[in-house]
Amino acid sequence: MVAFVNRFALGSAVLALLALAIPLWRLGRRRSGAGVLGTYEAVFAQSPHGMLVVDSSSNSFEIVDANLALQRSLGYDLEELRQMPLQRIFSDDGGAPEALLAQLRETPARLLIETGQRCRDERLVHVEISGYRIDVGARSLFALTTRDITMRRRVEAQLLEKQHHLDHLAHHDQLTGLPNRLFLAAHLPGAIDEAKRTGAMLAVLFLDLDRFKHINDSRGHATGDKLLKAVAQRIRSTTRTDDIVVRMGGDEFIVVLKSVTTSDQINETASRITDALAAPVLIDGRPLVTTASIGVSLFPRDGSNMGELLRQSDTAMYQAKDRGRNNFQLFSPVMERKLKERIAVESSLRAALQAKQLDVHYQPIVDIESHRVVALEALVRWRHPTHGFIPPGRFVAVAEETGLIVPIGEFVLEHAIEDAARWRASGAAAVPISVNISAVQLQRSDLAATIARLTRTHGVSPGMLQLELTESALFQRREGRNGESSQDAIARLRELGARIAIDDFGTGYSSLSYLKQWRVDYLKIDRSFVRDLVTDMSDLAIVEAIIAMAKHLNIEVVAEGIEGWQQLEKLRQLGCPYAQGFLLARPVPYEQCRGYLTGQPLDLTCQLPVLHELEATGS
Ligand code: C2E
Ligand code: MG
Ligand code: MG
């Protein structure tokens with residue numbers, strides 16, 4: 001009787017579960033007339049899916065019936081199954097054997113669960129169990145169907161693995177294996193939140209390799225790639241495992257230091273990174289040295305979100321570059337102000353070039369003994385419509401960084417060459433024009449070709465030009481256009497007939513030996529040595545030594561920034577042949593230069609020592 005009830009109940013469940021049963025039932029009635037129950041029994045017995053009936057009335061959840069498919073797949077016969085606790089057969093993959101029981105205990109109307117099916121031979125088959133509760137009098141039975149989902153699970157696992165792999169690819173840099181920008185975007189906000197919760201500081205280090213482009217250009221991209229890999233490893237090895245190290249792209253890396261408690265911690269890490277990078281990297285048997293500039297921003301001091309912290313660390317990194325590279329700088333609000341100013345200067349400078357707000361003034365270089373003008377130095381001037389005069393000291397550096405110095409330099413050159421032609425046409429005394437040339441111009445443009453073209457156009461001899469280069473421009477190791485070294489570029493300028501001067505001498509490398517090597521025509525002693533010449537014995541000694549050495553090497557000398565009679569007299573006594581300074585003559589526009597070009601000595605009788613306010617006037 002029990003068996004009858006069970007079978008009947010199960011039949012209802014199967015009918016409800018399997019749409020398949022309905023056509024079968026109709027078929028069965030029509031064909032054999034064996035009755036509904038017989039049909040259900042056939043469905044139960046022949047179903048390819050495992051089926052079982054569980055009595056959930058008692059806490060033991062006995063198996064009341066199980067079809068052949070289930071018996072076969074488990075390797076137990078019905079009698080054995082009836083003796084077995086349900087959890088012996090259905091248990092999660094080593095996880096929760098109770099998962100099915102827990103659901104059954106709740107006696108839901110429907111049930112759907114994925115679990116493991118442990119076979120006689122201990123094989124674990126992944127199954128999906130679905131079923132209905134059937135209430136028969138006071139008893140609650142569950143009619144369950146099991147479906148082997150091993151294949152589906154396998155496919156899912158493969159898909160998951162593929163997904164992980166794709167995720168890894170998307171969040172990691174192929175070359176170095178380090179996490180990338182996307183990874184940072186996914187993890188830095190969380191790290192910031194964590195720092196917020198714990199009240200700790202967090203540091204963002206923005207690291208940019210110095211002169212990497214040069215290495216890439218001169219040694220090839222394959223070498224550049226190997227260097228980046230080595231750098232990535234070194235950075236990773238100097239940081240803690242829970243710090244985030246990311247390659248942002250190119251030669252830029254970000255290191256996020258979590259739970260920073262003291263600023264010493266940041267200094268230590270930054271120093272460790274710079275030290276680690278300092279050791280040469282052996283690439284294809286050849287040592288390669290690289291350094292990095294690092295900018296640091298701190299949460300919460302410098303920013304409260306990822307965008308701010310990255311921006312501030314980038315600003316600080318530029319400051320590190322400005323300070324000569326191979327160092328690290330902590331962000332400060334002053335930096336931001338400077339950066340904003342720099343950006344503002346850059347955009348208005350571009351406009352200034354278009355709007356012809358730039359002009360050129362000329363300051364004489366004078367023979368100390370005869371007071372005759374021996375050359376005119378062309379100095380760029382910018383009159384801003386609202387800000388007024390902006391001294392070159394405030395925009396030349398920005399122009400150099402942005403490359404704007406190339407068109408500006410060409411503008412000054414053309415202006416100067418044109419003016420020289422006009423002076424000659426007007427019968428004024430012919431004196432060479434000295435033009436300041438920035439290292440960037442030397443590198444990025446074909447200066448010799450530009451000068452040849454401009455002098456040809458205006459009918460001026462290139463010999464009328466003197467080019468003032470700073471020591472750092474001469475020492476640029478970077479190769480310029482077409483791989484030309486600055487030494488070669490200068491040699492071509494000399495071939496044209498232009499004379500070469502070293503400007504601001506003493507402020508750069510001041511290596512005496514290179515003077516000979518570079519065959520410069522004259523050098524200009526920087527104003528900082530001349531200023532206290534009369535009172536400061538060490539300045540006097542330096543100036544004296546420079547003059548003596550230049551004489552020995554047959555190089556001419558100009559002392560810059562003469563503002564007082566005593567300075568001029570001292571220089572005369574030291575045998576300095578030429579001088580330039582506000583005391584002698586100030587920079588003036590073209591129209592006022594005629595007085596300098598009479599060929600006669602300058603009349604200095606009414607000149608007064610210059611007060612420093614003049615410096616700011618711009619003329
Ligand atoms: P510099 O080439 O050393 O030019 C001399 C600077 O000293 C000029 O400043 C000049 O006005 C100033 N000076 C001359 N005599 C005295 C003096 O007695 N006392 C004082 N206090 N200053 C004196 P300026 O015109 O402001 O130019 C500053 C620097 O800007 C120049 O230094 C040069 O390095 C750069 N510069 C100016 N024009 C150009 C240009 O056309 N191209 C490039 N690349 N740089 C330029
Ligand atoms: Mg100069
Ligand atoms: Mg100078």
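The analysis underlying the following values was restricted to heavy atoms, covering all of them including side chains, and did not include hydrogens, waters or symmetry mates. Counting starts at 1 for both ligands and their atoms, in listed order. None of the values given here were measured: they were computed from a predicted structure.
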**Asked** Looking at Asp504, which atoms of ligand 1 are within less than 4.0 Å of one of its heavy atoms?
**Response** 3 (O)

**Message:** Is it the case that the side chains of Tyr318 and Glu401 hold a donor-acceptor pair, with the cut-off being a distance below 3.5 Å and no angle test?
**Reply:** no

**Message:** Distance check below 2.8 Å: does Glu468 bring an N, O or S atom to the Mg ion (ligand 2)?
**Reply:** yes

**Fill in**
Among Glu468, Arg394, Glu560, Arg586, the residue with a heavy atom nearest to atom 5 (C) of ligand 1 is Glu560

**Request:** Identify, by atom number and element, the atoms of ligand 1 in contact range of Val412, meaning under 4.0 Å from any of its heavy atoms.
**Result:** 41 (O)

**Asked** Are any N, O or S atoms from Asp503 nearer to the Mg ion (ligand 3) than 2.8 Å?
**Response** yes

**Prompt:** Taking heavy atoms and a distance under 4.0 Å, where does Asn436 meet ligand 1: side chain, backbone, both or neither?
**Reply:** both

**Request:** Answer with yes or no whether the side chains of Ser293 and Asp208 bring together a donor and an acceptor at under 3.5 Å.
**Result:** no

**Complete:** Paired with Met248, the side-chain contact (heavy atoms from CB on, under 4.5 Å) test is passed by just one of Leu184, Asn180, Asp314, namely Leu184

**Prompt:** Taking atom types as modelled and ignoring hydrogens, do the side chains of Glu410 and Thr450 form a donor-acceptor contact shorter than 3.5 angstrom?
**Reply:** no

**Request:** Using distance alone, decide if ligand 1 has a nitrogen or oxygen within less than 3.5 Å of any nitrogen or oxygen in Pro391.
**Result:** no

**Prompt:** Any heavy atom of Pro587 sitting closer than 4.0 Å to ligand 1?
**Reply:** yes

**Test of proximity, Arg381 against ligand 1: N or O pairs below 3.5 Å** = yes

**Request:** Taking the side chain as every heavy atom from C-beta outward, state whether Ile365 and Val431 have any pair of such atoms under 4.5 Å apart.
**Result:** no

**Message:** Among His214, Lys213, His221, exactly one meets side chain to side chain donor-acceptor pair (under 3.5 Å) together with Asp217. Which residue is that?
**Reply:** Lys213

**Asked** Going by the order shown, which atoms of ligand 1 are within less than 4.0 Å of some heavy atom of Asp503?
**Response** 1 (P), 2 (O), 3 (O)

**Prompt:** Do Trp382 and Ile408 have side chains that get closer than 4.5 Å, going by heavy atoms?
**Reply:** no

**Asked** Counting both backbone and side chain atoms, is some N or O of Arg527 under 3.5 Å from an N or O of ligand 1?
**Response** yes

**Message:** Heavy-atom distances under 4.0 Å decide this one: backbone, side chain, both or neither, for Leu379 against ligand 1?
**Reply:** both

**Asked** Does at least one non-hydrogen atom of Gly561 fall below 4.0 angstrom from an atom of ligand 1?
**Response** yes

**Request:** Measure from the Mg ion (ligand 3) to every N/O/S atom of Glu560 and report the name of the nearest one.
**Result:** OE2

**Message:** If the cut-off is 4.0 Å to any non-hydrogen atom of Ile562, which atoms of ligand 1 fall inside it?
**Reply:** 18 (O)

**Request:** Check all N, O or S atoms of Glu377 and name the one closest to the Mg ion (ligand 2).
**Result:** OE2

**Item:** Between Ser426 and Arg594: side-chain donor-acceptor atoms closer than 3.5 Å
**Value:** yes

**Asked** With atoms numbered from 1 as shown, which atoms in ligand 1 lie under 4.0 angstrom from a non-hydrogen atom of Ser438?
**Response** 44 (N)

**Message:** Would Lys524 count as a contact residue for ligand 1, given that I'm defining contact as a non-hydrogen atom of the residue lying under 4.0 Å from a ligand atom?
**Reply:** no

**Request:** State, without any angle test, whether Gln592 and His361 hold a side-chain donor-acceptor pair at a distance under 3.5 Å.
**Result:** no

**Distance-only donor-acceptor check, side chains Glu336 and Thr315, under 3.5 Å** = no

**Test item, Gln363 contacting ligand 1 (heavy atom, 4.0 angstrom)** = yes

**Prompt:** Near Gly581, which atoms of ligand 1 are under 4.0 Å from a heavy atom of that residue?
**Reply:** 15 (N), 18 (O)

**Prompt:** Judged by non-hydrogen atoms, does Glu377 sit under 4.0 Å from ligand 1?
**Reply:** yes

**Request:** In plain terms, say whether Arg527 and Asp504 are close enough for a salt bridge, that is, a side-chain N and a carboxylate O under 4.0 Å apart.
**Result:** no

**Request:** May I ask you to check if any N/O/S atom from Asp504 comes under 2.8 Å of the Mg ion (ligand 3)?
**Result:** yes

**Asked** Quick one: are Tyr596 and Val588 in side-chain contact, heavy atoms under 4.5 Å?
**Response** yes

**Prompt:** Just wondering, is there an N, O or S atom on Ser434 that's nearer than 2.8 Å to the Mg ion (ligand 2)?
**Reply:** no

**Request:** In sequence, state the C-alpha distance, the side-chain angles, and the governing distance for Arg342 and Asp322, and then conclude on salt bridge (Lys or Arg N to Asp or Glu O under 4.0 Å).
**Result:** CA-CA 13 Å; Arg342 199 162 68 179; Asp322 278 356; 3.4 Å; yes

**Asked** Just checking, any donor-acceptor pair under 3.5 angstrom between side chains of Asp419 and His415?
**Response** yes

**Asked** Any nitrogen or oxygen of Pro392, main chain or side chain, under 3.5 Å from a nitrogen or oxygen of ligand 1?
**Response** no

